[in-house]
K.L.:
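Supplied in structure tokens, the structure appears directly below.
Just so we're clear, the structure is a prediction, and the values are computed from it rather than from any experiment. Just so we're on the same page: letters track the sequence lines, and every chain starts at 1.
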Number of protein chains: 2
Amino acid sequence: MTQRQSEILQESIKLIADKGIQGLTMKNLANAIGVTEPAIYRHFENKQKILLGILSLFENNKEIFSKFLQDETSNPLEQLKLLVKMRFKYFAKNRAIASVIFSEELFRNDPLLSEKVFEIMKENQKIFVQIIKAGQKLSVIKKDVTADQLTLIIIGAIRLIVTKWRLSGCSFNLEKEGAYFWKSIEILIKI
Amino acid sequence: MTQRQSEILQESIKLIADKGIQGLTMKNLANAIGVTEPAIYRHFENKQKILLGILSLFENNKEIFSKFLQDETSNPLEQLKLLVKMRFKYFAKNRAIASVIFSEELFRNDPLLSEKVFEIMKENQKIFVQIIKAGQKLSVIKKDVTADQLTLIIIGAIRLIVTKWRLSGCSFNLEKEGAYFWKSIEILIKI
DNA sequence: TGTAAGTTAGTTAATAATCACTAACTTAAT
DNA sequence: ATTAAGTTAGTGATTATTAACTAACTTACA
């Protein structure tokens with residue numbers, strides 16, 4: 001990954017954050033960087049590759065999550081809290097990623113992209129399920145609802161909060177709202 | 001609303017359900033109906049008006065929901081169950097509506113459309129909050145989490161389930177999955 | 001009742017804009 | 001001298017939309 005390539009990805013992300021995914025055109029991108037459109041093709045084969053590049057940035061982030069998964073000393077409930085917190089923090093810092101990751105509809109006609117989004121979604125789920133299962137085993141999380149269902153509920157809520165935040169023009173403090181949500185979910189799921 | 005207008009809306013919905021929102025082009029629409037593109041402009045001023053028409057179809061549905069809200073004889077928990085069930089049933093029957101209603105990203109550059117989506121979202125929320133608050137007053141729903149937060153959790157999960165269903169090519173039984181979800185949420189929220 | 005005027009719903013053909021992308025040329029640095 | 005990274009100038013495809021016209025039907029009136 002060269003300097004220019006990462007610059008292109010960063011500028012793409014900015015454009016998406018600003019004007020939505022429709023705002024990411026080769027023309028806009030070229031203008032934002034300060035070169036002409038064909039120059040971009042020296043660094044990325046096509047537009048799809050740029051989008052895949054953005055998704056990869058998100059994918060790499062998963063390593064960070066799996067780190068503290070290894071740390072088995074801490075309580076699963078604490079791990080889960082941290083995970084939820086990190087998610088909100090990440091989206092607050094990377095608005096554009098949410099635009100990309102949550103607009104599966106746009107990738108419907110592009111199997112490669114939609115598959116990647118689906119993969120990231122699944123990978124993300126796995127981490128939640130793993131922690132929740134551990135919590136259930138240690139009897140700190142309710143067992144009368146499956147880990148899959150609890151994961152679904154938590155991820156669904158996170159997505160909705162982030163979506164609302166974006167639609168509102170980022171008018172409220174996402175991390176604060178996230179912390180508030182955690183309080184609620186903790187009450188519901190802990191034993 | 002003339003015969004032709006409603007035909008255009010129905011065909012638009014079919015197109016969206018089939019090929020996603022990107023599949024709804026004036027060309028595709030005209031072909032599907034069996035007329036030329038300009039003919040459509042005899043019935044709708046522009047494409048935006050068609051999309052607004054689709055959203056209105058969804059909006060009208062809210063009347064059905066408010067009906068059983070009046071029925072104060074039944075338990076709020078039962079009302080909520082029915083509401084959730086109806087939502088899944090509706091989306092199962094009207095795939096395209098979900099595509100439209102859940103792709104806020106596409107309407108970002110169109111204030112009129114995004115406002116309408118936002119309105120529908122809010123109106124929808126209201127019904128949930130109302131029922132949950134009633135349930136909390138009657139002590140059948142937990143009070144240590146606000147009605148707003150519970151609503152967020154439920155709607156977030158519904159959206160995620162429906163999105164997954166669509167992405168999977170409607171490969172599983174949505175209503176069944178919805179019923180399964182209700183069981184989980186009931187366990188979590190009832191006193 | 002017959003006709004003039006207007007409406008409805010369609011056609012063909014074209015327009016202006018935008019899109020991702022490319023061929024061929026230039027420049028600057030190693 | 002080669003190559004990486006830029007340029008100019010364009011392509012072809014697709015987009016929503018409009019202009020100009022027409023056949024068929026409806027309505028109002030002499």
K.L.:
Touch check for Leu24(A), heavy atoms < 4.0 angstrom, all strands: base, sugar-phosphate only, or nothing?
P.N.:
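Sugar-phosphate contact only - Leu24(A) comes under 4.0 Å of backbone atoms but never of a base.
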K.L.:
Base, sugar-phosphate, or nothing for Ile50(B), non-hydrogen atoms under 4.0 angstrom?
P.N.:
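No contact.
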K.L.:
Would you say a side-chain N or O of Arg4(B) is under 4.0 Å from OP1 or OP2 of dT8(C)?
P.N.:
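The answer is no; no side-chain N or O of Arg4(B) sits under 4.0 Å from OP1 or OP2.
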K.L.:
Determine whether a donor-acceptor pair (N or O, by modelled atom type, separation under 3.5 Å) exists between the side chain of Lys142(A) and the backbone of Leu188(A).
P.N.:
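Side chain of Lys142(A) to backbone of Leu188(A), a donor-acceptor pair under 3.5 Å: yes, one is there.
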K.L.:
Short question: side chain of Asn75(A), backbone of Leu77(A) - any donor-acceptor pair under 3.5 Å?
P.N.:
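Side chain of Asn75(A) to backbone of Leu77(A), a donor-acceptor pair under 3.5 Å: yes, one is there.
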K.L.:
Could you check how far NZ of Lys47(A) sits from P of dT22(C), rounded to whole Å?
P.N.:
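The distance from NZ of Lys47(A) to P of dT22(C) comes to 14 Å, rounded to the nearest Å.
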K.L.:
Ring-plane angle category for Phe102(A) and Phe91(A), please: parallel below 30°, perpendicular beyond 60°, tilted otherwise.
P.N.:
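Taking Phe91(A) first and then Phe102(A), their aromatic rings sit tilted (interplane angle of 30° to 60°).
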K.L.:
Where each residue is assigned the nucleotide of DNA chain C containing its nearest heavy atom, which of Pro38(A) and Lys27(A) is assigned the position nearer the 5′ end?
P.N.:
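The residue mapped nearer the 5' terminus is Lys27(A).
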K.L.:
Nearest whole angstrom, please: distance from the C1' of dC19(C) to the CD of Gln48(A).
P.N.:
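From Gln48(A) CD to dC19(C) C1': 16 Å.
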K.L.:
With a 4.0 Å cut-off on N to O distance, would you call Glu7(A) and Arg4(A) a salt bridge?
P.N.:
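Between Arg4(A) and Glu7(A) there is a salt bridge, with a charged N closer than 4.0 Å to a carboxylate O.
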K.L.:
Do Ile153(B) and Ile185(A) make a side-chain contact, defined as non-hydrogen atoms from C-beta onward lying under 4.5 Å apart?
P.N.:
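Touching, per the 4.5 Å side-chain cut-off.
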K.L.:
Would you tell me if any nitrogen or oxygen in the side chain of Thr36(A) comes within less than 4.0 Å of OP1 or OP2 on dG6(D)?
P.N.:
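Looking at the OP1 and OP2 atoms of dG6(D), neither is under 4.0 Å from any side-chain N or O of Thr36(A).
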K.L.:
Is any side-chain nitrogen or oxygen of His43(A) closer than 4.0 Å to OP1 or OP2 of dA4(D)?
P.N.:
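No, no such contact exists.
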K.L.:
Whole Å only: how far is the CG atom of Leu29(B) from the P atom of dT14(D)?
P.N.:
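About 17 Å, once rounded to whole Å.
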K.L.:
Please report the distance, rounded to the nearest Å, between CG in Asn31(A) and P in dC19(C).
P.N.:
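Distance, rounded to whole Å: 11 Å.
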K.L.:
In whole angstrom, give the distance that lies between atom CD of Glu37(A) and atom P of dA9(D).
P.N.:
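That distance rounds to 14 Å.
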K.L.:
Write down the distance between CZ (Arg42(A)) and C1' (dC25(C)), rounded to a whole number of angstrom.
P.N.:
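Result: 10 Å.
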K.L.:
Whole angstrom is fine here: how far is it from CG in Asn46(A) over to P in dC21(C)?
P.N.:
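Answer to the nearest Å: 5 Å.
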K.L.:
Please state how far atom CZ in Phe44(A) lies from atom P in dT22(C), giving the value in whole angstrom units.
P.N.:
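In whole Å, dT22(C) P lies 16 Å from Phe44(A) CZ.
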